[in-house]
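Written out below as C-alpha cells is the structure these notes cover.
Here is how names work: the chains are called A, B, and so on, in the same order as the sequence lines, proteins then strands, and each is numbered from 1. Since the model is a prediction, treat every value here as computed from it, not as a measurement.
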Amino acid sequence: MDLPKVFKPEEFELEIYKQWEASGNFSPSKDGKGEPFCVIMPPPNSNGSLHVGHAVFVTLEDIMVRFHRMKGQSTLWLPGADHAGFETQVVYQKKLEKEGRNWFTIPREELYQEIWDFTQTNKAVMEGQLRRLGASCDWSKERFALDPGIVKIVNQTFKKMYDDGLAYRGERIVNWCVKHQTTLSDLEVKHEEKEDPLYFIKYGPITLATVRLETKFGDTAIAVHPDDERYQQYIGKEVEVDTLIGKTKIKVIADEAVDPAFGTGAVKVTPAHDPIDYDIWQRHKNEIPGPMIVIDQFGKLDLLKHFPDNEAAKKYHGLKIAEARKVIAEDMEKAGLMVKIDPTYKHSVATCYKCSNVLEPRVLPQWFIKMKPLAAKAMEAVRKGEVKFVTERFEKIFFHWLENIRDWNVSRQIVWGIRIPVWYKGEEIYVGEVAPTEEGWAQETDVFDTWFSSGQWPFATLKTTGDFEKFYPTTVMETGWDILFFWVARMIMLGLYVTGEVPFKHVYLHGLVRDKDRQKMSKSKGNVIDPLGVVENYGADALRMALVFGVSAGNDIVISEDKIRAHRNFANKIWNASRFVMMNLGDNFIPGQIDLEKASSTDKAILVRIEEVGKTLTKHLDNFDFHLGAEEIYQFFWHEFCDKYLEEIKPAFAEGAAEKAKVNTQQVLFKVWLASIKYLHPFVPFVTEAVYQMSPAKQKEFLMIEDWPQN
RNA sequence: GGGCAGUUAGCUCAGUUGGUUAGAGCGAACGGUUUACAUCCGUUAGGUCAUAGGUUCGAAUCCUAUACUGCCAACCA
C-alpha cells in the first residue's frame, strides 16, 4: 500500500463524481425499501454562477439524499434551473449598459433570444459547479423553467384560475419601477426610511402638509377626518385653490383614514399617484373625480394632456420628479402659498428591491391572482400537519403573512419570461393554452412574475418527468427562509390548488451565510466566499462539513476560512486513519466473523460505541438535525476511534503479538471502520468514497450505494 | 403601534420532551521527532448560561417582566 500522507481532494473528487454519475446510481432505484424519498432542488437562477448560499442547499440536500439512498429507499433528487424573469432582466440590462446598448430599443424577439443564450451558458456553468460540490442529483431529469412542458402546465394553471374566477384583470394602483419599466409585486417592494422636506401649503383656506408637491396637479380632492372640528365648515363643499397653473375648485371630503394629529389634519388626494389616496377615492367614487395621471411611466410630469392650452403648465411639463418638486416649491413660495417647510421629515418610502429607486405608483390594468381562498387552504393544510416546518417557528411567520395576504399582481412588463396566455380583440378576452385560431387576436405582452411559474415547480417538473405518481407529494423542500413567502408559501398554495395535495411534507429552511464577523456577504464588502474557490483550495468535503457543523435550522450560518481549514483537516484525518487501517489489515484481508467471546475489552467497547453512534446519528438525520449528526460522527471518529481505539490496538499489531488475537481485532477494526465511513459518507462523500475504493474488501461498486448499517 | 428571533468560554456557535462536574471549532498556555496523520497527539486555563422575579426536589432549558441586538411585515400624507 503506497498512499500519500496527505489527502489531495483535487486528485480524487472529479474522477469519483464522473464514476458515480456514469454508474447511473443518481437515478432512483426501481425497487426501494420503504417510502420513496424525493427532494426537488430549488432551481438556481440561470443568470450568474453559484454562490455560497447555493453550496448550503447542495450540502443539506445531498446529505439527506445520500442518507436515504443508503437506507435503501427509492430516492429522487430532481435538479433544475430557473429563468428568473425580473432578476435576469436586471442582470442582463446591466450587461447591456456596460456594452453601451439600450435594452428598450432592441426588438423583443431579438432580446429574448439573446437572454436565452445567456441563461443557457450560465446554466451549463452552474451544472458543472453543482457536480463539483458533489450533488448526487438525477441529471437525466433536469428541468429548465422555460421548457415547453413546464410552460404548458403553467398556462393550464392560469387558464384554470381564470375559469375559476381566481385570476382576473383589474385596473389598480400598482408598484412601478421607473428604471426597470415594470410593475412589481408587493413582496418585491423594499420600504426604506428616508428624510424629505415636508411642505405645508395653502389650498385656498386650508393649509395641508405634503411631501409630494409634484403630484399636486393630479389632486382631485382634499380629505380631512370626519370629526375634525377645524374643518367641519368645509366638508362636502368646494374650495377655490390656486394651483400655480390657474385657479380651480376642489372638494373637501371626510375620511377616517386621515389622521387629524398629523400635519394640519388635511391631506390632498391624488388617486393616480398614491395608494392611500387611491383607496380614499374608492370610498368616495360618487363625490370626487378619479385618477388624473400627471406623471408618466418615466417619472416625468405629464401635464399637457390634461391642460393642453395652459401656458403655465408648460413650465412644469416634462420635468423629472425631483426637479419638479424643487421648482414648484420655489414658485409656491413666490406666490405666497408656502406656509412652512419641515426639512427633516422622516418617513418610509417604497423602493425597488433591486435598484433602490423610489417606486412610482401607477394606475394600470394588470393580471391579479385572488389570494384569500388559496391562502385559506394552505393554512388549513399546515394546521392539519400535512406540511411540517423545520423549525416550527416558521409556521407562525407563515400564518402571519397568509392571514394578511392581498391579491398578487402577476403581470410584468418585461420580455424575459412566460408570456401571459391571454389574447385581446377589442373588448373581448381569450384565455387559453394556445392562441385562438381566428384572425385579429393580439397576445398580452406582459409576462408572468417568475414566482408564478416557480410556485408550480414541484408538480410541474414531476409531471414532465413521469415521476408524479411515485414521488408526489415530495418528501422535503429545503431552501432559504428568505424565500418563505416568495416561493414556499406559493408552492403550497398552487400545489394544493392544482393537484389537491401539498407539494411537500416537510419544509426545512436554512439561514443566511455570514462571515466570521457576522457580516452579510456582499460583493461590495469584498467578504464573499466563493464556494468553487474553496473547493479548489480545500476540497468539497471541507466546505460541506463547514457548512453543517454547528449550524442549526433556520439560523444564520457563520463560515470562515479557519472553519473550512479545520474540516479540511478532518477529511485528511479520515484519509490517514483509513491508510492506517488498510496497512494493518493487509492486502489479503477477508471480512469474516468476529469471535465476540475472545474479543478484548477494547474491541468490545468500540463495537458497542459504533452501534450507539449509528443509532444517534440515524435519529438526528431523520429529525433533520444535520449539525447534531455531523458532530456525533465527527467526535466519535476523531476522538474515540482515532485518538483512543487505534492507539490502543497498536500493540496487537506489533511484532510478536499473538496471531489469533490479531486476526480477531482485524475483524473488529474493519467492521468499525467500514461503518464509520458509511456514516460519514453523506457529509463528506468524496474522501469516504476514495478510501472505500482502496479498501481491499469493498463489497459494492460504490460506497454511495452501500447499505446504511441499521440498528 | 405590530410580528418573529437572539443574548452560553477571548471569537463563532451547539446544547431536541427541565436532571449528576454546561460542550465543540478556532484562538491561548505548556509538553511531545514512539513508523496513519505536525492538516498530528497529550495536558491546561477560561463561562454567576443578558438582568430581575416566579414555577419546581431540581432551570441554560418552562412562565412573567426589563434591557440590548437582529430580522420580518407594514397605506402615516
Taking the same atom, [atom1], in [N] and in [M], what whole-Å distance lies between them?
N: B:A22; M: B:C13; atom1: C1'; answer: 14 Å
N: B:G46; M: B:U55; atom1: C1'; answer: 33 Å
N: B:G27; M: B:U12; atom1: C1'; answer: 11 Å
N: B:A73; M: B:C4; atom1: P; answer: 15 Å
N: B:A5; M: B:G42; atom1: C1'; answer: 41 Å

Checklist entry - So what does A:Tyr634 touch, heavy atoms closer than 4.0 Å: a base, only the sugar-phosphate, or nothing? => result sugar-phosphate
Checklist entry - Base, sugar-phosphate alone, or nothing: which one does A:Gly263 contact when heavy atoms must sit under 4.0 Å apart? => result nothing
When you get a sec, tell me which of [options] is the closest nucleotide to the side chain of [X]?
X: A:Ala566; options: B:C4, B:A14, B:G25; value: B:G25
X: A:Phe485; options: B:A73, B:A74, B:C26; value: B:A73
X: A:Asp562; options: B:U16, B:C26, B:C75; value: B:C26
X: A:Asn569; options: B:C40, B:C4, B:G15; value: B:C40
X: A:Trp638; options: B:C40, B:C4, B:G25; value: B:C40
X: A:Trp481; options: B:C71, B:C75, B:G15; value: B:C71

Next on the checklist: Return the OG1 to CD distance between A:Thr215 and A:Glu360, rounded to the nearest 0.5 Å.
Outcome noted: 8.5 Å
Check whether any side-chain N or O of [X] sits under 4.0 Å from OP1 or OP2 of [N], and answer yes or no.
X: A:His620; N: B:U16; result: no
X: A:Asn555; N: B:A14; result: yes
X: A:Arg393; N: B:G6; result: no
X: A:His191; N: B:C75; result: yes
X: A:Thr210; N: B:A77; result: no
X: A:His567; N: B:A24; result: no
X: A:Lys396; N: B:A5; result: yes

Checklist outcome for this item: Assert: residue with more 5' nearest nucleotide on RNA chain B, out of A:Val558 and A:Leu187, is A:Val558
Checklist outcome for this item: By nearest-heavy-atom nucleotide on RNA chain B, the more 5' of A:Ala261 and A:His627 is A:His627
Next on the checklist: Is there a side chain to side chain contact (heavy atoms under 4.5 Å, CB included) between A:Phe389 and A:Leu484? Walk through the geometry before answering.
Outcome noted: CA-CA 11 Å; A:Phe389 285 83; A:Leu484 173 60; 3.7 Å; yes
Next on the checklist: Against the six-membered ring of A:Phe399, is A:Arg383 placed for a cation-pi contact (under 6.0 Å from the centre, within 45° of the normal)?
Outcome noted: yes
Checklist entry - Do the ring planes of A:Phe485 and A:Trp401 sit parallel (below 30°), tilted (30 to 60°) or perpendicular (above 60°)? => result parallel
Next on the checklist: Holding to salt bridge (charged side-chain N to carboxylate O under 4.0 Å, His left out), I want the full list of residues that pass it with A:Lys650, two or more places apart in sequence or in another chain.
Outcome noted: A:Glu647
Checklist entry - For the rings on A:Tyr634 and A:His567, is their centre-to-centre separation under 6.0 Å? => result yes
Checklist entry - Do A:His506 and A:Tyr508 make the cut of ring centroids closer than 6.0 angstrom? => result no
Under 3.5 Å between N/O atoms: give me all the protein pairs with nucleotides 33-37 of chain B, atom names plus distance.
unit_1	atom_1	unit_2	atom_2	d
B:A36	OP1	A:Lys650	NZ	3.4
B:A36	O2'	A:Asn576	OD1	2.6
B:A36	O2'	A:Arg579	NH1	2.8
B:A36	N6	A:Cys642	O	3.3
B:A36	N6	A:Glu647	OE2	3.2
B:A36	N3	A:Asn576	O	3.3
B:A36	N3	A:Ala577	N	3.3
B:C37	OP1	A:Lys5	NZ	3.1
B:C37	O4'	A:Asn576	OD1	3.0
B:C37	O4'	A:Asn576	ND2	3.3
B:C37	O2'	A:Asn572	ND2	3.2
B:C37	O2	A:Lys573	NZ	2.8
B:C37	N3	A:Lys573	NZ	2.8

Checklist entry - Have A:Asp219 and A:Thr270 got a donor and an acceptor in their side chains that come within less than 3.5 Å? => result yes
Checklist entry - For the base of B:U39, is there a side-chain donor-acceptor partner from A:Arg568 under 3.5 Å away? => result yes
